[in-house]
Amino acid sequence: MMDSVARSGFTAKSYRTRGIVLRTHKLGEADRIITLLSPEFGIVRAVAKGVRRTSSKMGATLEPFMEVDAQIVAGRSLHTIIQAQLRHPYGQALVADYSAYTAGAAMLETAERLTDADAESIAPQYRLLHGALAALARGGHEPGTVLDSYLLRALATAGWAPSFTHCVRCGAVGPHQAINVPLGGVVCHDCRPAGSMSPPPATVALLAALLDGEWATIDAADGATRAQAAAVVANYLQWHLERAVKSLKLVERR
Ligand SMILES: [Zn+2]
C-alpha cells in the first residue's frame, strides 16, 4: 500500500503511523532497516538513521516487540523513519524472560507472514498481536500457552479457523478424538480419514480452550497435555504457511 502512495505522487510525503516493531537489520555503519507492522498500512520497511549510535534515543525505541508512533518520510525506494515515540515498551518486559522472549519472537514471525499474505485482515491481526504481546509482558500465563492461543486465533483471523468441537467434515457435535490437520480440526468416527492423529481427550479439550481463550482450562492443563497441543498447533501452522516458523523451534516449553 505504501508503494502505491509513493507512486501516485501523494503530496504529503510524510506520514504517521502506530506500529509494532517486528524485525531490525543492520544497514551500513550506524543505521538499521526497521520492519514495522502498522494497523493501517500493513508491513512497512523503513530506514532509521544513526540508531546504532549510543547517543541515539530512537535506537532503544525501535527494537522488536515495541509499539511505537512513527513519523515516516516516503522515499522512492525506501522509506525513512524520522521520529519514533514509545507507546508500549513490551520489549523491555520480554527481554528479561527467555521463555516469554522466544514465544514473542514466534508471534512476530507469524504476524509478518500472515499479514504479508493477506491485506484484508491486517487491522484484526494487529489487535490480536498487540493483545498477545501485552499478555506475555504481564506474565500471568505460561508463555507457550499464550503463544499457542495466539497462533490458533491468528490462523482463524487469516481465514483458517480450525474446529476442535464439531466434525470438520459433517458437522457432528463432539467431543471427537481424531484430528486431521489438512481438514482443519477434529473428525468424527465416520469421517475420519487414514493418517488422522488420535491425541488424548484432554489435548483436544485444551486445543478448543486455546482457540476460545478459556484461560481457566488452559492454566489447569498439565505439561504433557500442553506439549501435545503445542505439537498440533505447530503442525497446523506449518500446513497453512507451507514453511515452518523458524523461531517456533526455540520456544522453551515448561
Ligand atoms: Zn463427521
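These values consider heavy atoms only, across backbone and side chains, with no hydrogens, waters or symmetry-generated copies. Indexing begins at 1, ligand by ligand and atom by atom, following the structure's order. Here, residue 1 is the first one in the sequence, and each next residue gets the next number.
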Practice item. Start with the C-alpha distance between L136 and M107, add both sets of side-chain angles, then the distance that settles side chain to side chain contact (heavy atoms under 4.5 Å, CB included), and finish with yes or no. Key: CA-CA 11 Å; L136 269 186; M107 287 178 188; 3.7 Å; yes
Point to revise | Residues in salt bridge (charged side-chain N to carboxylate O under 4.0 Å, His left out) contact with D116, at least two apart in sequence or another chain | key: R45
Review point. Of all the atoms in H176, is at least one N, O or S atom closer to the Zn ion (ligand 1) than 2.8 Å?
Key: no
Check your understanding: With a cut-off of 2.8 Å, does H189 place any N/O/S atom under that distance from the Zn ion (ligand 1)?
Key -> no
Check your understanding: Partners of D31 by side-chain contact (heavy atoms from CB on, under 4.5 Å), sequence neighbours excluded?
Key -> L27, V47, K49
Review point. Should the pair H130 and H88 be assigned to parallel (<30°), tilted (30 to 60°) or perpendicular (>60°) ring geometry?
Key: perpendicular
Exercise for review: Report the angle formed at the Zn ion (ligand 1) by atom SG of C191 and atom SG of C188, rounding to the nearest 10°.
Suggested key: 100°
